[in-house]
There are 2 protein chains.
Amino acid sequence: MFFLKELPTRRMLETYAARYPGMEAGTVGDALRLLRRASLLLRELDAYFSAHGLSQSRFLVLVVIDREPEATGLLASVIADRLDISRPVVTETVKALTQAGLLTSVPDPDDGRARRIALTTRGQAVLADRLPGYFALIAEFMGRADEPTA
Amino acid sequence: MFFLKELPTRRMLETYAARYPGMEAGTVGDALRLLRRASLLLRELDAYFSAHGLSQSRFLVLVVIDREPEATGLLASVIADRLDISRPVVTETVKALTQAGLLTSVPDPDDGRARRIALTTRGQAVLADRLPGYFALIAEFMGRADEPTA
DNA sequence: CCTCAATGGTTAGGGTCCTAACCAATACCC
DNA sequence: GGGTATTGGTTAGGACCCTAACCATTGAGG
């Protein structure tokens with residue numbers, strides 16, 4: 001996360017750019033604004049989810065499973081790959097969601113190592129309940145004027 | 001952090017947009033790309049810093065102190081405000097940087113509660129050593145082509 | 001003055017994420 | 001077939017960030 005309020009001034013960046021060829025001041029400024037803006041949005045999304053007993057990752061786990069055309073569920077390793085997070089996080093997240101009654105996890109009939117993770121009816125309902133607010137929050141955020149740049 | 005590899009398709013977003021007036025599919029798609037792109041950059045920056053015994057926050061603490069024209073140092077609460085992070089994180093970060101010899105923290109002569117936090121010579125040197133790689137990493141990242149969008 | 005609110009800072013406890021190391025089952029290959 | 005590598009998953013331990021609650025000092029008002 002990157003929340004630095006006052007980004008380096010264009011002047012500072014240009015001083016560096018002059019010293020290190022290959023670095024372009026405008027590009028770096030763009031990157032820092034990207035980081036700050038995304039971090040602020042992530043913070044708002046985290047607040048939204050935690051107010052509803054979820055988190056970014058828990059929500060996205062529900063999303064990728066729901067998105068799956070196969071009704072048989074996903075493997076944890078597939079979820080880790082789709083979400084680009086580590087497998088231990090999937091283990092923990094799936095455990096929490098299963099305990100909350102939003103997921104089921106049954107042994108894979110074809111592979112003794114694997115488990116098939118699927119949404120329960122309640123999981124589908126929770127996801128459907130959260131999506132409108134999720135999109136609304138994002139749309140509202142994006143509509144807000146950018147902060148004035150130094 | 002938000003690393004979802006396959007973002008929702010335009011079609012999916014449009015389905016939602018049709019259902020929830022006020023939500024515009026293109027805008028939400030932009031936001032999700034913003035989140036993913038920033039998360040990837042944050043991950044690379046974290047790796048860069050941790051390879052050098054730092055972290056985003058530690059680095060930024062050095063930056064904001066260095067940037068300060070006053071030579072007397074900053075208060076922890078000011079650092080927390082500039083970086084937009086909680087005060088306990090500043091307490092912990094400053095402690096680590098002080099133990100590493102990059103910062104000094106001396107009682108404020110005018111306020112018995114406060115401490116003035118300043119860079120040591122070594123802290124300045126470490127910051128100067130990291131800045132070029134930091135900017136280079138960012139510039140290189142921004143130069144990379146965006147991932148193909150679904 | 002003397003009380004009480006505000007400010008500077010720390011501690012305690014919890015959430016999320018990571019890597020490294022580890023089982024168990026499957027797949028490859030001679 | 002039997003040894004070895006690979007794959008699915010979990011456990012252990014640590015880094016970083018947060019809120020709530022807590023001291024200590026300063027400031028403001030009657």
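Naming convention: chains lettered A, B, ... in sequence-line order (proteins, then strands); numbering from 1 in each chain. Please read these numbers as outputs of a predicted model, since none were measured by experiment.
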Base, sugar-phosphate alone, or nothing: which one does [X] contact when heavy atoms must sit under 4.0 Å apart?
X        : answer
A:Asp111 : sugar-phosphate
A:Ser55  : sugar-phosphate
A:Ser77  : sugar-phosphate
B:Arg116 : nothing
B:Ser57  : sugar-phosphate
B:Ser50  : nothing

Rounded to the nearest angstrom, tell me the gap between atom [atom1] in [X] and atom [atom2] in [N].
X        : N      : atom1 : atom2 : result
A:Asp108 : D:dT7  : CG    : P     : 16 Å
A:Asp81  : D:dT7  : CG    : P     : 12 Å
A:Leu42  : C:dG15 : CG    : C1'   : 16 Å
B:Arg115 : D:dT25 : CZ    : C1'   : 14 Å
A:Tyr48  : D:dC18 : OH    : P     : 22 Å
B:Ile85  : C:dG9  : CD1   : P     : 13 Å
B:Glu92  : C:dG14 : CD    : C1'   : 16 Å
A:Leu75  : D:dT6  : CG    : P     : 20 Å

Distance under 6.0 Å and angle within 45° of ring axis: B:Arg43 vs B:Phe3 = yes
Is the shortest side-chain N/O distance from [X] to OP1 or OP2 of [N] below 4.0 Å?
X       : N      : answer
A:Arg43 : D:dC18 : yes
B:Arg58 : D:dC16 : yes
B:Ser86 : D:dT19 : no

Does A:Gly112 or A:Leu54 map to a spot on DNA chain C nearer the 5' end, using the closest nucleotide for each?
->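 Nearest-nucleotide comparison on DNA chain C picks A:Leu54.
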Does any donor-acceptor pair link the side chain of B:Arg113 with the base of C:dG9 at a separation under 3.5 Å?
-> no
How about B:Tyr134 and B:Tyr48: are their ring centres within less than 6.0 Å of each other?
-> no
Taking for each residue the nucleotide of DNA chain D with the nearest heavy atom, is it A:Phe3 or A:Lys95 whose nucleotide lies nearer the 5' end?
-> A:Lys95
Any side-chain heavy-atom pair from A:Arg67 and B:Pro8 closer than 4.5 angstrom?
-> yes
Can you find a side-chain donor-acceptor pair between B:Arg115 and B:Ser105 that sits under 3.5 Å?
->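 Indeed, the side chains of B:Arg115 and B:Ser105 share at least one donor-acceptor pair under 3.5 Å.
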So CG of A:Leu60 and CZ of A:Arg82: to nearest 0.5 Å the spacing works out to 13.0 Å
